[in-house]
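To start, the structure under review is shown below, and the notes come after it.
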Amino acid sequence: MKEKLSATIEPWGEVQLIPVEQTGAEEVTYYFAPSMNYQLVKAHYHGMILQGVIELERYVSSCDTMTES
């Protein structure tokens, strides 16, 4: 397991991330944010020819609460 790390991601500022590596034909590192309900906030594709990074731009969390009668 990889160590947690911190990164600055706009508009949320500094966020602690958990990196998860996918190996095989496609190598990708996914970064999940525990403070955002483990939302995927970043992914890095490690291709030989092409490399790319995606980052989350918007995040909205909603929760239906149940009330007891």
Pairs meeting criterion ring-ring contact (aromatic ring centres under 6.0 Å, His included) with involvement of residues 15-44, two or more places apart: His44-His46

Hydrophobic cluster membership, Ile54 vs Ile9, 4.5 Å side-chain cutoff: no

Residues Leu17, Val41; criterion side chain to side chain contact (heavy atoms under 4.5 Å, CB included); working and verdict: CA-CA 8 Å; Leu17 303 175; Val41 295; 3.3 Å; yes

Over all atoms of both residues, closest heavy-atom pair of Arg58 and Leu56: O-CD1, 3.1 Å

